Amino acid sequence: MPHAWPDDEAEALRIQDALRPLVDTVGPGPRAPRTVAGVDVAYGADRPDGSTPVAAAVVVLDTVTLRPVATATAVGSTTFPYRPGLFAFRELPTVITALRSLHHTPDLLLCDGQGLAHPRRFGLACHLGVLTGLPTAGVAKNAFVGTFSGLGTERGEWAPLLDGTEVVGRALRTRSGVKPVFVSVGHAIDLATASRHVLALAPGYRLPETTRLADRLCRQVLRG
DNA sequence: GCGACAG
DNA sequence: ATCTTGTCGC
């Protein structure tokens with residue numbers, strides 16, 4: 001029942017409304033995860049029939065060595081169009097397929113996109129968390145909702161992402177002098193803990209190693 | 001009404 | 001997301 005994929009926008013909105021109450025925004029989640037997985041999707045050129053080729057990748061990293069210990073991929077196609085706010089319905093079906101073939105359960109899942117920093121507080125990371133039951137967090141390259149101010153320039157500094165008076169996430173500086181990433185809770189973890197893990201996973205580049213490796217892998221799969 | 005809008 | 005090499009700057 002919960003694993004239904006919508007055919008239209010109205011149905012997608014109803015599914016988000018039904019699943020949103022299932023999100024655990026308290027956590028606290030894994031304090032010292034042994035493994036963290038990155039999830040990403042790549043798209044090919046639209047086909048004549050209107051569908052789009054999709055490749056999903058999951059890369060599990062050892063948090064100490066930051067080296068991959070397991071990977072999983074899946075290929076498929078989407079007919080659901082890209083709509084800000086309904087992003088998950090375009091990506092998750094293929095992601096779920098990839099996760100089913102992953103014979104390793106990571107302590108945390110990091111998604112490319114938002115969690116609670118979403119107009120209806122149910123971004124991609126929340127959706128994936130509810131469907132899998134695993135702790136998840138969103139790491140986005142751009143803010144979707146919310147604003148921040150007074151963010152310091154040094155690595156490790158952060159500012160709350162506010163939507164009105166509500167804290168929906170954090171702008172986190174992973175590299176000094178470089179645009180921050182936007183972290184938000186997905187499921188079964190708290191914001192501070194998620195942010196701490198994201199920073200630790202991004203010792204050298206703006207994006208955490210999890211998403212960098214997942215990004216590289218899904219693009220590679222899309223070709224081969 | 002107009003523009004903005006995760007990937 | 002994707003189309004895409006070299007290049008300007010610290």
Side-chain angles (χ1 to χ4, degrees), chain A residues 5 9 12-13 15-16 19-20 23 38-48 50-59 73-96 98 109-130 136-148 153-155 161-164 166 168-187 191 194 198 204-208 210-223:
Chain A
W5 301 114
E9 209 166 301
L13 291 172
I15 292 174
Q16 289 189 330
L19 297 182
R20 183 179 49 226
V23 176
V39 179
D40 196 21
V41 170
Y43 298 90
D46 292 352
R47 302 194 187 86
S51 68
T52 305
V54 171
V58 182
V59 177
T73 62
V75 294
S77 60
T78 317
T79 52
F80 205 91
Y82 170 70
R83 286 277 182 282
L86 300 177
F87 185 44
F89 299 104
R90 187 167 166 78
E91 294 210 338
L92 286 192
T94 311
V95 167
I96 297 293
L109 231 41
L110 289 186
C111 302
D112 221 37
Q114 319 288 347
L116 293 175
H118 174 278
R120 291 172 298 281
R121 307 291 180 265
F122 197 71
L124 173 70
C126 298
H127 202 144
L128 185 59
V130 167
T136 61
V139 182
K141 295 182 283 298
N142 297 290
F144 185 17
V145 297
T147 58
F148 66 96
T153 182
E154 298 305 301
R155 166 180 160 82
L161 190 62
L162 297 172
D163 190 6
E166 185 179 354
V168 295
R170 267 183 200 183
L172 172 65
R173 196 83 74 179
T174 51
R175 290 198 69 179
S176 298
V178 174
K179 176 178 179 171
V181 296
F182 301 87
V183 181
S184 59
V185 166
H187 180 65
L191 182 57
V198 169
Y205 297 90
R206 177 165 88 114
L207 297 177
T210 41
T211 64
R212 297 186 71 240
L213 292 176
D215 178 79
R216 187 171 63 66
L217 181 55
C218 65
R219 294 195 195 200
Q220 174 183 315
V221 168
L222 193 57
R223 304 175 187 179

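Computed over heavy atoms, backbone and side chain alike; hydrogens, waters and symmetry mates excluded. Just so you know, these numbers come straight off a predicted model, no measurement behind them. Each chain gets a letter, A, B and so on, in the order its sequence line appears, and its residues count up from 1.
Between Y82(A) and dG7(B), a base-stacking contact is recorded: ring centres under 5.5 Å apart, planes less than 30° from parallel.
For L222(A) and dC3(C), the CG to P distance is 9 Å, given to the nearest whole Å. Distance CG (D46(A)) to C1' (dG7(B)): 14 Å, rounded to an integer number of Å. Atom pair R175(A):CZ and dC10(C):C1' shows a separation of 11 Å (rounding to whole Å applied). Spacing between atom CZ of F87(A) and atom P of dA6(B) amounts to 9 Å, rounded to whole angstrom units. When rounded to the nearest whole Å, the span between CG of D40(A) and C1' of dA1(C) equals 9 Å. Rounded to whole Å, the distance from CD on Q114(A) to C1' on dG7(B) is 10 Å. Between the CG atom of D215(A) and the P atom of dT2(C) there is a distance of 7 Å, rounded to whole Å. Spacing between atom CZ of R170(A) and atom P of dA6(B) amounts to 23 Å, rounded to whole angstrom units.
OP1 or OP2 of dG7(B) has at least one side-chain nitrogen or oxygen of N142(A) nearer than 4.0 Å. The phosphate of dG7(B) (OP1 or OP2) has a side-chain N or O of K141(A) nearer than 4.0 angstrom. Under 4.0 angstrom from either OP1 or OP2 of dT2(C) there lies at least one side-chain N or O belonging to R219(A).
Side-chain atoms of P84(A) lie closest to dA6(B) of the nucleotides dT2(C), dA6(B), dG7(B). Across dA6(B), dT2(C), dG7(B), the shortest atom-to-atom separation from the side chain of L124(A) is found for dA6(B).
For R47(A), the CZ atom is densely surrounded, since the number of other residues' heavy atoms within 6.0 Å is greater than 12.
Residue-level contact check: G85(A) touches the bases, meaning some heavy atom is under 4.0 Å from a base atom. As judged by a 4.0 angstrom heavy-atom cut-off over every strand, A42(A) is placed among residues touching the sugar-phosphate backbone only. Residue Y43(A) is classed as a sugar-phosphate contact, given heavy-atom separations below 4.0 Å to backbone atoms only. Within 4.0 Å of A143(A), counting heavy atoms only, lie sugar-phosphate atoms of the nucleic acid but no base atom. Counting non-hydrogen atoms under 4.0 angstrom, L92(A) reaches nothing in the nucleic acid.
For the pair R121(A) and D163(A), the salt-bridge criterion is met [side-chain N within less than 4.0 Å of a carboxylate O].
With T174(A) contributing its side chain and R206(A) its backbone, the two residues share a donor-acceptor pair below 3.5 Å.
The aromatic rings of F80(A) and F89(A) sit tilted, their planes meeting at an angle between 30° and 60°. Relative ring orientation between H118(A) and F144(A) is described as perpendicular, the plane-to-plane angle rising above 60° on a 0-90° scale split at 30° and 60°.
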